[in-house]
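So the structure is just underneath, and the comments pick up after that.
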Amino acid sequence: MAYEHIIAEKRGRVGLITLNRPKAMNALCSQLIDELGNALDTFEADTEVGAIVLTGSEKAFAAGADIKEMESKDFNEVYATDFITGTWEKAANCRKPVIAAVAGYALGGGCELAMMCDFIIAGENAKFGQPEITIGTIPGAGGTQRLTRAVGKAKAMEMCLTGRIMCAEEAERSGLVTRIVPVDELVENAIETADKIAKLSMPVVMMAKESVNKAFETTLKEGVMFERRVFHSTFALEDRKEGMAAFAEKRSPNFQNK
Ligand code: CAA
């Protein structure tokens, strides 16, 4: 598939996807979302890719769903086509780790897309918000749920009810982003982090991701039991043996992803 609104490239074992629709602040039109889904599927299937970085421009990660495209839609259409479901959710459903590197605006669907990723690294100028209420609608790609889990009810409620934008410092303080870095170092910083992950054992990385995500979907007791069983199952892997042997022998491990 040829891409018009994104750039997908490989940096070693890292798949880098750059949203590239500068005239519209990377607004997430259906074509962009289809291209993004295709790129994510391609990197998921590529055994040479161990982790993915999703980024935008220095000005905008993404300013939300494309309002001009949505404007003419009616209830029958969005309900019948189940607008958002399936297409947008590819980022949330990836089994490989996906890091969002966010500079500039991450608003509406842009903030939601970033929150679908496993964690967010923010540039100093990052701005997060769910301004849908100001255009007569509400977040539709998980914003009311993921923002609330990330920053708690008080801030999420205020942001969803008023459309207030959160700066990078507040986002870090509130637990929405893992750290803040200078904008011109953002993408390289995210790639370095992704590369560290990509050099580890892929099945174990996927198990760790699945286990952390379980914390959002179940009780503590069931979550701990899930983790325990997955931990036990790492003992069936050659990479677990190799990792522990390498530690004992004071050398670097040579993981085979099995
Ligand atoms: N959809 C479509 N076009 C958009 C857009 C969007 N979400 N955001 C920006 N654009 C377009 C603008 O219309 C403008 O296009 P033209 O040059 O053709 O007029 C271009 O991008 C540049 O934008 P601005 O001139 O507005 O730039 P600015 O620097 O003055 O402001 C901004 C930047 C604060 C991000 C402002 O563009 C803005 O408020 N955008 C909309 C943000 C928003 O409401 N997002 C939520 C969308 S709804 C949603 O996402 C639903 C969901 O949950 C799935």
Side-chain angles (χ1 to χ4, degrees), residues 3-7 17-37 40 54-94 98 100-117 120 122-151 153 155-171 176-177 183 186:
Y3 299 138
E4 188 184 338
H5 297 318
I6 66 166
I7 299 165
I17 301 173
T18 307
L19 307 179
N20 184 36
R21 201 185 166 211
K23 285 189 185 143
M25 295 265 172
N26 289 335
L28 303 163
C29 61
S30 52
Q31 186 185 333
L32 187 155
I33 289 293
D34 286 348
E35 291 177 11
L36 175 61
L40 287 168
L54 177 59
T55 194
S57 70
E58 293 195 355
K59 209 168 172 192
F61 176 75
D66 190 317
I67 301 168
K68 293 167 191 166
E69 195 181 78
M70 277 188 302
E71 193 188 348
S72 59
K73 290 186 192 290
D74 63 14
F75 168 78
N76 289 317
E77 183 184 346
V78 293
Y79 185 70
T81 59
D82 207 1
F83 178 47
I84 304 291
T85 312
T87 48
W88 281 62
E89 288 171 343
K90 293 231 169 172
N93 294 331
C94 267
V98 186
V102 174
Y105 293 108
L107 301 182
C111 185
E112 293 169 302
L113 180 62
M115 292 190 293
M116 285 180 203
C117 299
I120 302 172
E124 282 164 334
N125 69 346
K127 295 173 199 70
F128 300 89
Q130 299 291 161
E132 289 89 344
I133 198 91
T134 65
I135 56 164
T137 185
I138 70 167
T144 61
Q145 305 304 299
R146 291 197 178 91
L147 187 63
T148 308
R149 282 164 169 79
V151 305
K153 180 182 168 187
K155 278 183 189 287
M157 190 66 94
E158 188 204 2
M159 288 170 74
C160 290
L161 292 184
T162 68
R164 180 173 77 80
I165 287 175
M166 191 184 252
C167 68
E169 285 80 18
E170 185 182 2
L176 181 59
V177 311
V183 173
L186 174 67

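Atom set for the values below is all heavy atoms of this structure, side chains included, hydrogens, waters and symmetry mates excluded. Whatever order the structure lists ligands and atoms in, that order sets their numbers, starting from 1. Since the structure is predicted, the reported quantities are computational estimates derived from the model, not experimental observations.
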Salt bridge (charged side-chain N to carboxylate O under 4.0 Å, His left out) between E170 and R164: does it pass, once the steps are laid out?
CA-CA 12 Å; E170 185 182 2; R164 180 173 77 80; 2.9 Å; yes
What part of [X], side chain from CB on, backbone N/CA/C/O, both or neither, has a heavy atom under 4.0 Å from ligand 1?
X	answer
E69	neither
I84	side chain
A65	both

In terms of atom number and element, which parts of ligand 1 are under 4.0 angstrom from non-hydrogen atoms of [X]?
X	value
I135	48 (S)
L107	35 (C), 42 (C)
G140	52 (C), 53 (O)
G64	50 (O)

Could you check whether any side-chain heavy atom of L19 comes within less than 4.5 Å of a side-chain heavy atom of L54, counting everything from C-beta outward?
yes
Is the shortest side-chain heavy-atom distance between R146 and E112 below 4.5 Å?
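A side-chain contact under 4.5 Å is absent here.
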The option among G108, G136, G110 carrying the non-hydrogen atom nearest to atom 46 (C) of ligand 1 is G108
[atom] protein-contacted, heavy-atom criterion under 4.0 angstrom:
atom	value
atom 38 (C) of ligand 1	no
atom 31 (O) of ligand 1	no
atom 10 (N) of ligand 1	yes
atom 26 (O) of ligand 1	no

Nearest protein heavy-atom contact for atom 1 (N) of ligand 1: which residue, which atom, what distance?
I67 N, 2.9 Å
Sequence-distant partners of I138, side chain to side chain contact (heavy atoms under 4.5 Å, CB included), two or more places apart
none
